[in-house]
Each structure stands twice: as structure tokens, then as C-alpha cells.
J.: 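Please find one structure pasted underneath; my questions will follow.
What you see is a predicted model, and the numbers here were worked out from it, not measured in a lab.
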2 protein chains.
Amino acid sequence: MSGRRQEILDAAFVIADEQGLDAVSMRAIADRVGVTPMALYRHYGSKSALLDGMVGHLLTALMPEAVSTGPWNERLGLIAHSYRGFAQQHPWAAQLLFSRPAITLDGIRLVEFIHQALREAGIPEHELTRMEHLVTTFVIGFAASEASGRFGPPDPGHTAEFEADLADLVRLIQNVATQNQDITSP
Amino acid sequence: MSGRRQEILDAAFVIADEQGLDAVSMRAIADRVGVTPMALYRHYGSKSALLDGMVGHLLTALMPEAVSTGPWNERLGLIAHSYRGFAQQHPWAAQLLFSRPAITLDGIRLVEFIHQALREAGIPEHELTRMEHLVTTFVIGFAASEASGRFGPPDPGHTAEFEADLADLVRLIQNVATQNQDITSP
DNA sequence: ACCTGAACACCGTTCAAGT
DNA sequence: ACCTGAACACCGTTCAAGT
């Protein structure tokens, strides 16, 4: 990634943090970078491409916290908490992650990371995608619901709720793993 | 709701269906109603208030399919399928439901409807909100993921995935109900 | 009570032109 | 290769004025 592209993305992040996602305009970014709005089009062909770049940047920022030691359920928990923590610091992030497909390199690595944890839990190959969708949909959805106010005003009780939900989902994963085991070895 | 308000909301729905949520502008709505953009402000104080009105309309449209006969798991399934079916017909709906709090009259009725089903499943009062959040977050999140392309291109396989997920969630609910039963009656 | 005209401060994007 | 100026077709919203 050339320096200019990174500079543009950084400016977009600062604006989103300070004034929300709606304030992220080509003109506002250009102002902050110190350039004309049209100059951005050399680096990102459209605003949509720039937002996709932001999603990629987001997923990269999410990865480092996802270490690969410890039991699978703790590793899944780590990713889940990273997502929620990140969304709490950057409320616009959940909205963005849910409104665009995440097909960047880091996005794929994150999915593979979750698959690996699910494999260790005993989920068979043909159920990996489904369980990954189930878990990520819930985690991103929870973060988006908190950020949008769908769960009502911010409440410390939401943390306990999130923990209990994750524990229930871990049990759900174990059940799915066990059921498939029964079929294979009677 | 006065006739004018209904007329404005109807116009907004038609525009969203035909050209997407981003095309829903005060000017486009006014054009379709046959009035100046500023005339809308007599009926909805801002565009934000108008979008809230759309969410209310949405939830009302979702309610009639939620009948109250049959076992609790089938009733929950009915609501879930209504949501997904509606989101498939109106891809902008899931996005809107996830980006604004739904505190209209019909929104509250829908929540109460889900609570009642969960009660019959054996969920204790203090877990009702949590389980309702868990189910609705997944269902709306799944619909939003399909609409946004987060799950990749449209795939008939997503229906089977949705069914299996719902079955797993019903089992999760039964487990939570059973655990709480164990504590109360040893 | 309800609507209009003109204006303000914004958008994303294209296109020809500059260095 | 990278950037600029001017322009086009849009936004939400305010305010004074009309009936």
C-alpha cells in the first residue's frame, strides 16, 4: 500500500471517529490530507472503493488480538471480545462491517482463524461455514445493535448479557459437534 | 396517522423498493407526492423522523404474519421466516432495522410476542430480554448479511443454513430453560 | 393549517487542463 | 504520475412569504 493510500485511509478513520461515518466525505478527507477532492480518485476509484479499504483496515486492526494459543473456546471468545471492544471504541465500525462484503486478505485470514477453532471443537468440514456465519452474525450483530441503540441506552448489563450469550453459543457448538459424532460412530 | 403522512411514507417505500435506500431523499419523496420538499417538514420534522416512521411501518407490516397459535418454537420460526422473507423482498429493510432503535408501538408488541413464546419454552423472567436479543440479533443479522452480500453472492443454500441455525437456536433455548429448571427444583 | 421560492452549505463525480 | 479548477447534478434544512 503506497504512502498516499494509507494517509487517505488514516484521515477517513480520524473523521469517522471524531464526527461519525456520515461525515466521511471525499471533500472532508481531501481537506484533512491537504489536497483537492479530485486528487483522491487517483488512489481510490470511488467512495465505495474507499469504504471497502476502510473495512480492510478494520479487519487488519482486529487480527493482532486474535492469538492462536489456548483452547478453541477461549480463542473464539478472544475474537468476539475484540469485535465488541473495537465497535465500542469506533461505533461506526459495526455498521460498516455489516453493510459491505469483507473479502480482503485479512478478512479471509480471520475467517480461516475461526474455522480452525471450530475444527478443534469437533465441527465437521461441511458445517464449518454455517457455524462461522452463525457466530460472526451474532457477534457483529450484537456490536451493531449496541452501537445503533437497538438494545436501548448503553447499559453495563450488556457485558454480562454478551458473556452469557457466548457461553450459550459455545454449548451450541459442542452440541453440533457431538451430534455429527454420533452419526459417524454408532 | 393523517392521510398526508401515510402518503409520504408510501412514497418513501416505493422509492426504496425501486432505487434503494440511498435514493430516499426529501426531494425525491416530495416529487412523487407532488409537492415541494419543504412541505414534508410540516408532517415529519426531519429526514431522521421520516426514517423512524419507515421502521414503524416496517414492523407493522411484519406483525400480521405472526399469528399466536401452535407450539412456541413454530411461532418463533414464523417470526424468523417473516423477517427473512421481508428482507429478501425489501433488501433495504434489514439495513434500516439494524441502524435505528425500534421503539414504536408495533415494535413493542413484536417484542412482547417473542417474550410470550420464550415463556412457554420455560425461559425464566430474568432471562427473557437476553434470549429475545439473542434471537432477534441473529435473525435480523442473518437477513442483513444476505442483503449486504456479507455471505457472498445470493445462494439457495442459505435457506438450508437458516433452517439449521433456527433448529440449533431452539435447542439452545431449551437448554437455557432446562438449566434454570435444575436450579429451582433439585 | 398548509404550502412555496429562494437561498445556504453541503454532496460524489467527470472532464479538460496543468506540472 | 499526480494534482487542480470549474462544472454538473444532486443533498438536508432554514427562513420569510404567501393562501
J.: Check DNA chain D against residues 33-41 of chain B and give the residues with a non-hydrogen atom under 4.0 Å, in numerical order.
T.: B:Met38, B:Tyr41
J.: Please check: side-chain N/O of A:His90 versus main-chain N/O of A:Phe86, any donor-acceptor pairing under 3.5 Å?
T.: no
J.: Donor-acceptor check, side chain of A:Ser25 to backbone of A:Ala28, threshold 3.5 angstrom: yes or no?
T.: yes
J.: Could you tell me whether the side chain of B:His57 and the main chain of B:Gly53 form a donor-acceptor pair under 3.5 Å?
T.: no
J.: Taking the C1' atom in each of C:dC10 and D:dC8, what is the distance between them to the nearest angstrom?
T.: 15 Å
J.: Under a criterion of less than 4.0 angstrom to any heavy atom of chain A, what are the 5'-terminal and 3'-terminal contacting nucleotides of DNA chain C?
T.: C:dC11 to C:dT14
J.: For nucleotides C:dC15 and D:dC3, find the distance between their C1' atoms and express it as a whole number of Å.
T.: 14 Å
J.: So A:Met54 and A:Leu9, do their side chains get closer than 4.5 Å, heavy atoms only?
T.: yes
J.: Using Watson-Crick or G-U wobble geometry with both distances under 3.5 Å, which nucleotide pairs with C:dT14?
T.: D:dA6
J.: Between A:Arg75 (side chain only) and A:Gly70 (backbone N and O only), is there a donor and an acceptor less than 3.5 Å apart?
T.: yes
J.: Test side-chain hydrogen bond (donor to acceptor under 3.5 Å, both in side chains) on B:Thr137 and A:Arg150; report intermediate values, then the result.
T.: CA-CA 10 Å; B:Thr137 297; A:Arg150 196 180 79 85; 2.9 Å; yes
J.: Per the side-chain contact (heavy atoms from CB on, under 4.5 Å) rule, which among B:Leu58, B:Leu59, B:Asp52 passes with B:Thr104?
T.: B:Leu59
J.: Taking all non-hydrogen atoms of both residues, which atom of A:Phe151 and which atom of A:Glu146 are closest, and how far apart?
T.: CD1-CG, 4.1 Å
